[in-house]
Amino acid sequence: MTNTLLAVDGNSLLHRSFHALAGSQLRTRDGRPTWAVKGALSQILGAVDRVAADAVVIGFDDAGNNQRKVAHPHYKAHRTEKPAELVSQLALAVDVFGAAGLHVVTPDGLEADDVLASAASAATAAGWHTVVCTSDRDAFALVNETTSVLRIINGGVEASPVLTPERLRILLGIDPWQYRQYAAMRGDTSDNLTGIRGIGEKTGVALLNAFGSVEAAFADVDTNGGARVAEVLGKACVKKLADPDGRAAFWQNVELMTMRTDLDLALGLGADGRGLLPVDAQVLHDALAAVEMHSLQWLAARVLASGADDAPGAVVTRPPTPARAPAVVTAAVVDVEDEDELTLF
C-alpha cells in the first residue's frame, strides 16, 4: 500500500478559521486569542483522519520577507494589513503545531505554496502519494497522478472535494498541467495580478483545449496572422493575444504563480523521519494543554498519537465514532467567481 503525505497550507487554514470562528472569541485565561489556531488544528485532524495520512508537513508564509514581493512590488500590494489577532495566531499556530510534534516549515523569503510543491515533489520521489490540504486554487497546478488536493470549502473537511486529475478536468475543463497558464491568463485579483485583458474563464478554457498551451496560441498570432485563433475564438481574441501589455502580464503571472519544488524541507519519509505519524502522546498533550485546548485532547491523541486511552491527562469529551469513508466527487460544479463559494453537488 502506498503511504500518504498530508501537506497543509497553514496560512490558508488559519485565515479561514480566523474569520469563520471570530464570533467565538476563544482565548486562553491570560487573554491570548486562540480560535483560529483551534479551528485550523481541528481541520488538520479531520484531514489526517480522512486521508489516513502517514506523515504531515505544515507550511507557512515567511511574514517578514517575501522574495516575490521584492521582485514585483505590486504583488499582493493592495491587501490591507492583517488584524493583530490574526498575526498573533499565525505565530502561535507555528509554535503550537511544532510543539505538538508536527513538522512545520516556514521557508525563508517564500510562501506556504512553495512548501506544498516541494513536499509533493519529495513524496513522489520517495514513492509516496501526497494530499495537499488548502482552500487556495493555486494548488490545482500540483495535481497529478501522485498528488491530489483536498480543497477546503464551506462545510469543512468532510464536505470538501479531493481533486484528482480526472476530477479537476470535470471541474474546470482543462488538465492540471494547464492550470497555471489558465490562471495566468485570467489574472488573480486576490494577489493584485492582472491577466490578458478580455480573456476570462470560458475563453481561457477554450484556448487551452484548442491549442494546448498559450505559447501555441501566441505562435499562431505571430506567424499565421492569428488565423487559427480567429477561427476558434473569434477575431477579437487575436488582438487580445497580440497586445504586448497582456503578454507581459501573462508571463509575469506565470513567474509569480510558479511554486518552488526544490526546497529542502528536512522531511524524512523513511523510518523515524521528521513529519511521520504517530507523534509522541505526551508531547502532543503538553502542547495542547499549554494553550488550553482541552476539548481537542482526545481527538488529537486518537488521530495523531494512535490512540486516546493512554494519552496523558486527555479530556474525553465524546465517545469515539466510526471512521467514515472519504466523500467521492462524481458530478459537476457550479461556476462562480468567488473561490470560497465553490460548491460541488
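When a residue number appears, it is its place in the shown sequence, counting from 1. Note: hydrogens, waters and symmetry copies are ignored here, and every other heavy atom, side chains too, is used.
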Residues [X], [Y]: salt bridge by 4.0 Å N-O rule:
X	Y	answer
Glu292	Arg32	no
Arg228	Glu231	yes
Arg302	Asp49	yes
Asp191	Arg79	yes
Asp188	Arg186	no
Arg169	Asp175	yes
Arg247	Asp222	yes

Quick one: [atom1] on [X] to [atom2] on [Y], what's the gap to the nearest 0.5 Å?
X	Y	atom1	atom2	answer
Leu150	Thr134	CG	OG1	9.5 Å
Leu288	Phe97	CG	CZ	9.5 Å
Asn144	His129	CG	NE2	8.5 Å
His103	Leu277	NE2	CG	12.0 Å
Arg68	Asp61	CZ	CG	9.0 Å
Leu116	Ser121	CG	OG	12.5 Å

Step-by-step side chain to side chain donor-acceptor pair (under 3.5 Å) determination, Ser135 to Ser12: CA-CA 6 Å; Ser135 62; Ser12 174; 2.6 Å; yes
Compare all side-chain heavy atoms of [X] with those of [Y] and state whether any distance is below 4.5 angstrom.
X	Y	result
Lys76	Leu193	no
Val8	Val57	no
Asp108	Asn65	yes
Val51	Leu6	yes
Thr130	Val132	yes
Ser17	Gln43	yes
Leu21	Leu26	no
Tyr179	Leu142	no

With a sphere of 6.0 Å drawn around [atom1] of [X], does it hold more than 12 non-hydrogen atoms of other residues, nucleotides or ligands?
X	atom1	result
Asp264	CG	no
Gln25	CD	yes
Arg197	CZ	no

Answer with yes or no whether the hydrophobic clustering places [X] together with [Y]; edges join I, L, V, M, F, W, Y residues whose side-chain heavy atoms lie under 4.5 Å apart.
X	Y	value
Met259	Tyr75	no
Phe211	Trp251	yes
Leu163	Val205	yes
Met293	Val56	yes
Leu299	Val157	yes

Determine, stepwise, if the pair Lys38 / Ser295 fulfils side chain to side chain donor-acceptor pair (under 3.5 Å). CA-CA 10 Å; Lys38 183 178 181 182; Ser295 63; 2.8 Å; yes
Given Thr124, which of Leu5, Thr261, Thr147 fulfils the side chain to side chain contact (heavy atoms under 4.5 Å, CB included) condition?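 That would be Thr147; it is the only one of Leu5, Thr261, Thr147 passing the side chain to side chain contact (heavy atoms under 4.5 Å, CB included) with Thr124.
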Once the angle between the rings of His74 and His72 is folded into 0 to 90°, is it parallel (under 30°), tilted (30 to 60°) or perpendicular (over 60°)?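 Judged by the thresholds at 30° and 60°, the geometry between His74 and His72 is perpendicular.
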Does Arg151 make a cation-pi contact with Phe140, if we ask for NZ or CZ under 6.0 Å from the ring centre and within 45° of the axis?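 Relative to the ring axis of Phe140, which defines the angle, Arg151 lies outside at least one limit.
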Taking it one step at a time, do Thr28 and Asp30 satisfy side chain to side chain donor-acceptor pair (under 3.5 Å)? CA-CA 5 Å; Thr28 58; Asp30 61 4; 2.3 Å; yes
Is a donor on one side and an acceptor on the other found under 3.5 Å between the side chain of Asp114 and the backbone of Glu111?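 Yes, the answer is positive, given that a donor and an acceptor are paired below the 3.5 Å cut-off.
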Are Asn11 and Arg16 linked by a side-chain donor-acceptor pair shorter than 3.5 Å?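 No.
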Using the rule given for side chain to side chain donor-acceptor pair (under 3.5 Å), can you reason through Glu215 versus Gln181, listing the C-alpha separation, both sets of side-chain angles and the distance that settles it, and then say yes or no? CA-CA 10 Å; Glu215 293 98 323; Gln181 291 203 343; 2.7 Å; yes
